[in-house]
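Presented below is the structure to which this report refers.
For the single chain, residues carry numbers from 1 onward in sequence order.
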Amino acid sequence: MPLRLMRIGARDAETPVLEVGDTHFDLSAVVDDIDPGFWADGPARITAAHEAGTLPEIDIAGQRIGAPITRPASVICIGQNYAAHAAESGSPAPTQPIIFLKTPNTITGPFDDIGIPPRAATFDWEVELGVVIGAQAAYLESPEAARAVIGGYLVANDLSERDYQTTHSGGQWSKGKVVKDSMPLGPYLVTADAIDTRDLRLRSWVNGDPRQDSTTADMIFPVDDLVWRLSQYMQLEPGDVISTGTPQGVALSGRFPYLQPGDVSEVEITGLGRQRQAYFRVDAPAGTGADLLLS
């Protein structure tokens with residue numbers, strides 16, 4: 001049974017929820033959370049409880065929607081995985097996936113407000129298809145074998161501070177990618193049996209104006225191929241998130257201004273829902289020495 005899963009409530013105290021049509025069911029008596037341990041038998045337990053009619057309904061109106069997963073061991077990201085985005089970045093299409101990592105504390109809810117760092121002036125949006133791993137995987141034999149280890153899919157916004165990523169990079173990208181709360185996920189996690197990733201439409205807006213509009217058909221390394229390739233370099237664990245790259249239309253292209261306090265971004269993928277983030281400026285702590293580091 002395909003599942004459409006959510007987590008509802010205050011941050012770090014969310015309740016796992018199943019959405020079926022317009023009805024929502026409380027899953028807290030069936031699974032502890034949608035965490036790495038969930039993938040052992042959580043989907044099967046939810047399916048059995050739903051078919052038995054034992055899941056209680058829950059009213060989610062007015063409640064915060066959290067990220068639909070929690071506590072991944074790894075957040076693995078792919079750079080320049082869309083041909084048009086590589087071109088707008090001024091780079092040739094990669095012949096191997098560009099890989100970087102985000103820290104788990106970058107994950108936040110799909111409608112949470114986002115803090116732009118005190119001195120940041122080049123904060124950027126990136127709508128991305130997120131893959132959630134459902135089974136341990138290492139040295140997979142083929143892209144076809146990768147399908148069996150994918151648990152589900154979700155919308156990701158890989159927010160990036162471009163000056164940190166480039167000028168302060170030291171030769172790698174992670175400084176621009178690990179700002180706290182810079183990876184909103186959700187609103188839904190949809191299990192892999194419900195989604196065909198070959199031609200999903202991805203879109204983004206800033207203050208209501210269109211920015212990105214593309215499909216996963218422009219991916220250089222499609223989802224199954226990416227998971228197979230990654231498994232040759234690292235052991236993937238249940239609950240890990242892979243953010244598979246963004247299409248053209250980001251501020252880095254020079255065609256649009258970067259995000260500013262007061263701006264609102266939205267990102268959407270067909271079948272996986274839509275996010276909305278409002279941005280504010282984080283106050284600079286006194287005496288941190290950051291002015292010297294970032295000068």
Side-chain angles (χ1 to χ4, degrees), residues 1-7 12 14 16-18 27-28 30-49 66-79 81 96-108 128-156 158 174 177-178 183 185-186 188-198 200 216 219-245 269 272:
M1 169 184 169
L3 301 177
R4 190 175 180 90
L5 304 169
M6 307 174 69
R7 296 172 67 250
D12 300 323
E14 293 93 342
V17 169
L18 171 68
L27 298 176
S28 56
V30 180
V31 296
D32 293 332
D33 207 340
I34 306 173
D35 57 11
F38 168 83
W39 295 101
D41 60 358
R45 288 160 62 191
I46 291 170
T47 298
I69 64 160
T70 187
R71 296 187 293 276
S74 298
V75 181
I76 306 155
C77 301
I78 310 300
N81 192 33
Q96 291 288 338
I98 298 169
I99 299 171
F100 60 93
L101 301 177
K102 296 188 81 144
T103 52
N105 71 356
T106 59
I107 292 176
T108 193
E128 304 202 7
L129 174 65
V131 177
V132 181
I133 297 299
Q136 190 178 85
Y139 309 114
L140 293 168
E141 293 182 356
S142 66
E144 292 72 25
R147 295 174 192 167
V149 305
I150 297 173
Y153 301 100
L154 41 70
V155 180
D158 176 19
S174 290
K177 298 289 189 173
V178 293
M183 187 61 122
L185 297 180
Y188 308 106
L189 166 65
V190 180
T191 49
D193 50 354
I195 299 293
D196 183 343
T197 64
R198 290 175 294 181
L200 292 175
T216 52
M219 277 186 174
I220 297 167
F221 304 102
V223 169
D224 295 347
D225 186 60
L226 269 180
V227 173
W228 167 64
R229 289 173 183 269
L230 288 173
S231 78
Q232 311 308 311
Y233 300 102
M234 63 184 75
Q235 180 165 292
L236 301 171
E237 300 290 349
D240 284 354
V241 178
I242 302 170
S243 199
T244 57
I269 300 178
L272 295 173

Begin from the C-alpha positions of Leu200 and Tyr153 and carry the test side-chain contact (heavy atoms from CB on, under 4.5 Å) through to its verdict. CA-CA 11 Å; Leu200 292 175; Tyr153 301 100; over 6 Å; no
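The main-chain N or O of Ser74 is found under 3.5 Å from a side-chain atom of Asp240 such that the two form a donor-acceptor pair. In this structure, the side chain of Glu14 engages the main chain of Asp12 through a donor-acceptor pair within 3.5 Å. Not one N or O on the side chain of Asp225 forms a donor-acceptor pair closer than 3.5 Å with the backbone of Pro143. Using a distance-only test at 3.5 Å, with no hydrogens or angles considered, no donor-acceptor pair links the side chain of Lys177 to the main chain of Lys102. Distance alone, capped at 3.5 Å, places no donor-acceptor pair between the Thr106 side chain and the Met183 backbone.
Rounded to the nearest 0.5 angstrom, Leu226 CG and Ile242 CD1 are separated by 7.0 Å. For the atom pair Ile69 CD1 and Leu189 CG, the distance stands at 7.5 Å (nearest 0.5 Å). Atom CD1 of residue Ile133 and atom CD1 of residue Ile76 lie 7.0 Å apart, to the nearest 0.5 angstrom.
Counting all heavy atoms, side chain and backbone alike, Val178 lies closest to Leu101 at CG1-O, 4.0 Å. Shown here for Ile195 and Leu272, the closest heavy-atom pair between the two residues is CD1-CD2, 3.9 Å. In terms of heavy-atom proximity, Leu140 sits nearest to Ser231 at N-OG, 3.0 Å. Looking at every heavy atom in both residues, Arg4 comes nearest to Val190 through NH1-CG2, 4.0 Å. Pairing each heavy atom of Thr191 with each of Met1, the nearest pair is OG1-O, 4.3 Å. Between Phe38 and Pro43 the shortest heavy-atom distance is O-CD, 3.5 Å.
The environment of CZ in Arg198 is sparse: at most 12 heavy-atom neighbours from other residues, nucleotides or ligands sit within 6.0 Å.
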